[in-house]
Amino acid sequence: MNTKFTMPLDENIARKMTYIGKFYGRSRIKEIEWACKEWVAKFEAEHGEIRSEDLQELQKQAGE
């Protein structure tokens, strides 16, 4: 399942993400998606896997 959302982004960072994405043959949004996946993988390597139970608890806390 894909979740769509709007993210305000500093113009300079947006341009740099476009540049990096083009360098690797990706669009800016695909580059941001790739960067997010890398960040999650790094976090989980350092702190352990984020389980679906953790995400469900977060939803409960947020009242979703």
Side-chain angles (χ1 to χ4, degrees):
M1 170 176 68
N2 289 325
T3 301
K4 293 185 179 195
F5 67 97
T6 302
M7 181 175 78
L9 194 59
D10 175 81
E11 184 177 345
N12 195 42
I13 294 296
R15 288 180 174 183
K16 288 181 179 185
M17 293 304 285
T18 300
Y19 181 90
I20 295 168
K22 296 290 181 200
F23 183 86
Y24 290 111
R26 296 187 276 260
S27 65
R28 174 174 44 200
I29 194 63
K30 287 297 182 184
E31 187 61 29
I32 292 169
E33 181 181 14
W34 179 87
C36 288
K37 288 177 182 178
E38 288 294 305
W39 182 247
V40 169
K42 180 181 178 195
F43 180 92
E44 289 183 326
E46 292 176 14
H47 302 284
E49 181 182 356
I50 301 169
R51 303 168 302 143
S52 39
E53 293 86 5
D54 300 325
L55 300 175
Q56 290 171 355
E57 182 61 31
L58 187 62
Q59 284 180 317
K60 285 181 190 175
Q61 292 173 1
E64 295 180 5

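It should be emphasised that the depicted structure is a prediction, and the values quoted were computed from it without experimental measurement.
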Interatomic distance, I29 atom CD1 to T18 atom OG1 [nearest 0.5 angstrom]: 10.0 Å
Residues forming a salt bridge (charged side-chain N to carboxylate O under 4.0 Å, His left out) with E11, sequence neighbours excluded: R15
Check for me, please, whether M7 and I13 land in the same ILVMFWY cluster - side-chain distances under 4.5 Å, paths through other members count. yes
For residues L58 and F5: do they belong to one hydrophobic cluster (side chain heavy atoms under 4.5 Å, members Ile, Leu, Val, Met, Phe, Trp, Tyr)? no
Residue list, salt bridge (charged side-chain N to carboxylate O under 4.0 Å, His left out) with E33, at least two apart or on another chain: K30, K37
Please report the shortest heavy-atom distance between I20 and E31, naming the atom on each side. CG2-OE2, 3.3 Å
Closest contact, heavy atoms only, E49 versus D54: O-OD2, 4.0 Å
Output every pair passing ring-ring contact (aromatic ring centres under 6.0 Å, His included) with a member in residues 31-62, not counting sequence neighbours, ordered by first then second residue. F43-H47
